[in-house]
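Structure first, commentary second.
Side chains are part of it too, since the values below use all heavy atoms of this structure and drop only hydrogens, waters and symmetry mates. Below, read A as the first sequence line, B as the second, and so on, with proteins coming before strands; counting in each chain starts at 1. Small disclaimer: the values here were computed from a predicted structure and weren't measured.
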Amino acid sequence: MTLVSNSRSDTFLAVLGRWLLRNHIWSFFALTVIVFSLSSPFFLTVNNLGNILTQGAFIGILAVGMTMVMIDGEIDLSVGAVLAMASALAIGLQDHIGVWPAVLVGLASGAALGFFNGTLVALSGMHSFVVTLGGLIGIRGLVFIYTGENALMVTDFSYTEIPEVYLGPLSMTAILFFALALFFQWVLTSTRHGRETYAVGDNVEAAYDSGINVKRHKIINFTICGTMAAICGILLSMRLGTAEPNAGKVWELWTIIAVVLGGTRLIGGYGSMWMTIGGVLTLAVLRNGLRLLNTPNYVELMVMGTVLILAVALDKLLNMKEET
Amino acid sequence: MKFDLKDALRRHGLLLAFGVFLLAVAANADAFLTLGNILDVLRQVSITGMMALGVTFVVLTGRLDLSVGSLLTLLTVIVVDQHNQSGAAAAIVMTLAAGLAVGAFNGFLVGFVGLNALIVTLAMLSFLQGLVLFYSGGSNVNIPNAQETWFAVFGRGDFMGLPVPVILFVVAGIIAGAILRFTTFGRKVYAVGGNQTASVFSGIDSRWAVFWTYVISGLTTGLAAIIMGSRVMGAQNTIGQGYELTVLAGVILGGTSLLGGRGSIFRTMIGIAMLGFIQNGLLLLSFPYYVQWIVTWAVIILAVWIDIGAKRGRIFA
Amino acid sequence: MNDIILQLSGITKTFPGVTALDQVSLDVRAGEVHALVGENGAGKSTLMKVLAGLYKAEQGDIIYQGRTTDVAGPLDARRKGILLIHQELSLAPELSVAENIYLGAWPTNRFGVLKKRELRSKAQAALQALGCAFGPDVRVGTLSVAMQQMVEIARAEAFSASVVIFDEPTASLTDTEKEQLFHTIRSLKARGVGIIYISHKMDEIFQITDRITVLRDGQVQGTLETAQSDVNQVTRMMIGRTLDTYFVKAKADFGAEVLRVEGLSKAGLFNDVSFSVREGEVLGLYGLVGAGRSEAVETVFGVRRADSGQLVWKGGVIAPPTPRQAIDMGMALVPESRKEQGLVLMMGGRENTSLPHLSLFSALSVMNRAKELATFEKYRSALSIKTTGPDQEVSQLSGGNQQKFVLAKWLCAGPKLIILDEPTRGIDVGSKSAIHELIAELAEQGLAVIVISSEMPEVLGVSHRVLAMSEGEIVGSFEGQEMNEENLIDAVSYHRQSAVG
């Protein structure tokens, strides 16, 4: 006797169709690439594509951490401020303790701030929106105090040449983004921690009943998110050679936009790095393409807002179909 | 009735701590508790305070409005520019109308289409920033004859020794508080935030209730923009950037729950005033400017933690 | 075959004001299906939560495999071999079948990397042992409820469970799926697993179980051999009282028809539902959970939309109303879930009472607080509601007092028709009989009343006429002498059988 059989034709097309339904961002991505390729001769050049990837990689690295936190059903609004902190420490300390120790301290500051946010969320039971909203304000305050409200400059300009390593058109920053995204995609699908992330975001009671240490788990993901923000901040400081106290302001919002655009849901339990890569690239292509077309920069902002609303409306529509 | 110290501490612990803070500052800075300084602080918080009144309505339904910062920028640009082009009265009308329209659009998407409030208003934040640049062409606008226009009264005027923006804030606060406390609409807002399903089963159309809270948020942001434009007599393209978060911080600090159903206008006004006095007090004690941000961080975390800890009966989750 | 694998002795658990379990003892043998039956609130789910380690009993022992055992929580229970399968499944829809079977206990290497092949093959073995047709790699969210349940049962295989507890497992299954579930239960049994089977459905209990333990008001009424007992005997032990002593029935004095429902249908929920109710009449609607009763009345009230059918209100055909219109016409609905649908828990009794009728308690949109207070006080004393004051959050009240506020909020506007959906579920005996008396009183005042209940004695006790509902359809209408338990059971179970055959 068999139970109701699972009659799914697993032809290639069916698999592709199902994947596209869950990853509709890639259809969107293809569409934007086609539109800009047709409308600007400068778009589809190796050089420009390389630029897109480098520009997108900064938000992308933040988005990798944000995705981990969001699949847990949480949010981190403090990534922009954490980024500024790491970049300020990496530049500010290098004259005193050397370049690489300074970079390490920058990374550690991101991990520590992420750990602190996560611990507050886990211990207090407050919503992470509140905790990290406080963090956004306070950590930025710390940055201003540390920098003395000035932009810190590097004295040794070899620091700015560190990320100037290219693999064909791919900059180190872009490579790092893809490497991190792929690594965390592997973490999500193939490690205990990754599977816990979905379980916690999906059904926190079932996760708890199954012996998953939900608190420790969330702290780890916030720590990852803070570390990603620090990596982003250090790369930014290398690229610019300065650390502005206002660096990364409102980037947390762009990051959330990229992740949500990709299809990861704010309520948790659903999402992947593939989706996030799609969201990040689509956002980067939109920004780059609109600039190539010489549209004034307000168009970019308005298109972004519209696209985001369309994306969630589409997501809602697809979900309603899935339910019935 | 027996006075319960523990309960009182739990309920008003934050106010008490705030009182201690005020006294500590006052003891070390003579200028702090003078009428002039207090009015200065209130004048400063009147803009975020005005916005926070509307945002409180939205948060009470369990939703968010992150678009108010961008909207403040847009409306300030409009009010200043139209003041120069069409006169002060027309500018005010247009500003309020634009605020209401944006609020209605947010309200439509969140209330009727049922999209996630955080995402909708985040998208609106981006869209409105674009609209600002589109409208202004990227340049700043100024009112040239700042001394001669009656428009100056909203941001700079005094009435019976009180700054007009403070009077506007307090009057708007009283009206908003009265709406929430005494009208059927206010009751619906609390009910939808408290339990949306039960509200529907009680014949309340939650879609309209949510819709109107966003309209109110647009309106109060319009009023804030009028004060802002009048005070600055000009507008840059980033004038309201980040205000959405300051406003939200004040609302949360007042104890209004992001989950909806709990909170009040009065508490929001206290929260906003606390932010103002902390900022002012730390400056008077000659702390560096940005120390206030760190203190704000600590205060938000502690306030919310104490609040939910008291409800839970335990400190740790 | 007859080894006792699990023994509960003298389990006592109290909640503030209620003794949920009073010296409960019960034993389960290896390879037997042991039914646990009782009315709502008899203590079945509390007992299971004690067994799963979710509650701590104040007294008594759990003796498992011959040793007194302390169960620390669901995971501990699972590790020890006691598996609880809830009505609400404890699965993560985004994870695969294999990952859900081993939720939280995945095989990993020392760096936390999943051993996917091992996980997959172990899960595959568990699924095969149960005869599941779906593979271990399918995402659980894409499976039907019945298949999801099989995933949970597969945990029994995976963790080599020796005791499996099913809590109302057939609530949302079709008949074919039910048969497959029974097949699975029999194969677990054949391998010597002890099974506790909690259900309301008598036909299932007599089909699948070996022994039956009856709980009433937290006490064991007795344990019977299924083969030597019958439905009547079990029902009587569950109810433990004759019907006419506990229920007050309103005098049968009917007026004009208030509501007539004609051919109301909604795909997948209910089909061709027709009935009518008159002034002064109490119409009972009997059916098990999931029969479509609540959905049908929610449609009448306007919370849901029907595909077809029409409503006749006081002789005139009306368009499908919104809840607001329904309320304004004079309909009232005391919903099934008090906490989710009935009350705003963080409001006080005063605000909850006026909530559906804000326009009656206001002038020019300004609330009339004095009138609210007066109404609150009136119902507080009329229904003897225990609360410290008008603004005490109703979340702090007992279930019975909460339900009385739900009643107050509907009665205060003087409805013509009141629909009560499971009005006494989960509330104490005293409040229960107060609500029964109130129902009779309302009918005698000329209201039309519809009472929905899955408790047979209640529905028989208070109603003038009873409709039986099963799988979305009305399968019988009984009044007078014909209105009795046998006929209701026959109607519901005959329909279920005919649906199978």
Portion of A:Ala311 that has a non-hydrogen atom of chain B nearer than 4.5 angstrom: neither
side-chain contact (heavy atoms from CB on, under 4.5 Å) evaluation trace for A:Arg265 with B:Asn116: CA-CA 10 Å; A:Arg265 294 200 189 121; B:Asn116 181 296; over 6 Å; no
Enclosure of A:Glu149 CD (heavy-atom neighbours >12, cutoff 6.0 Å): yes
A:Val260 versus chain B, the contacting section by heavy-atom distance below 4.5 Å: side chain
CZ/B:Phe21: more than 12 non-hydrogen atoms of other groups inside 6.0 Å: yes
Chain A interface, residue from B:Leu259, B:Val295, B:Leu258, B:Thr296 that has the most non-hydrogen pairs under 4.5 Å: B:Leu258
Part of B:Ile252 lying under 4.5 Å from any heavy atom of chain A: side chain
Residues 133-146 of chain A: residues contacting chain B (heavy atom under 4.5 Å, by number): A:Leu133, A:Gly134, A:Gly135, A:Leu136, A:Ile137, A:Gly138, A:Ile139, A:Arg140, A:Gly141, A:Leu142, A:Phe144, A:Ile145
Heavy-atom proximity to chain A below 4.5 Å, by part of B:Val291: both
B:Arg312, CZ atom: more than 12 neighbouring heavy atoms under 6.0 Å: yes
B:Leu302: partners by side chain to side chain contact (heavy atoms under 4.5 Å, CB included), with sequence neighbours left out: none
Proximity breakdown for B:Leu109 and chain A, heavy-atom pairs closer than 4.5 Å: side chain
Choice from B:Tyr290, B:Trp293, B:Tyr289 maximising heavy atom contacts with chain A below 4.5 Å: B:Tyr290
Inter-chain contacts: residues 122-135 of chain B against chain A, heavy atoms under 4.5 Å: B:Leu122, B:Ala123, B:Leu125, B:Ser126, B:Phe127, B:Gln129, B:Gly130, B:Leu131, B:Leu133, B:Phe134
Rounded distance (nearest 0.5 Å) linking atom CG of B:Leu118 with atom CZ of A:Phe129: 5.0 Å
Interchain contact, A:Glu300 with chain B, by part (heavy-atom threshold 4.5 Å): neither
Atom group of B:Leu245 that falls short of 4.5 Å from chain A, counting heavy atoms: both
Side chain proximity check, B:Val304 to A:His127, heavy atoms < 4.5 angstrom: no
Largest heavy-atom contact set with chain B, pairs under 4.5 Å, which of A:Val307, A:Val312, A:Thr306, A:Ile267: A:Val312
Nearest-0.5 Å distance that lies between atom NZ in A:Lys316 and atom CD1 in B:Ile119: 11.0 Å
Flag if over 12 foreign heavy atoms under 6.0 Å of CD1, B:Ile315: no
Part of A:Leu253 lying under 4.5 Å from any heavy atom of chain B: both
Residue B:Phe112 excluded, over 12 heavy atoms near CZ under 6.0 Å: yes
Chain A contact via B:Arg314 - which portion, at a heavy-atom distance below 4.5 Å: neither
Residues forming a side-chain hydrogen bond (donor to acceptor under 3.5 Å, both in side chains) with B:Ser136, sequence neighbours excluded: B:Asn237
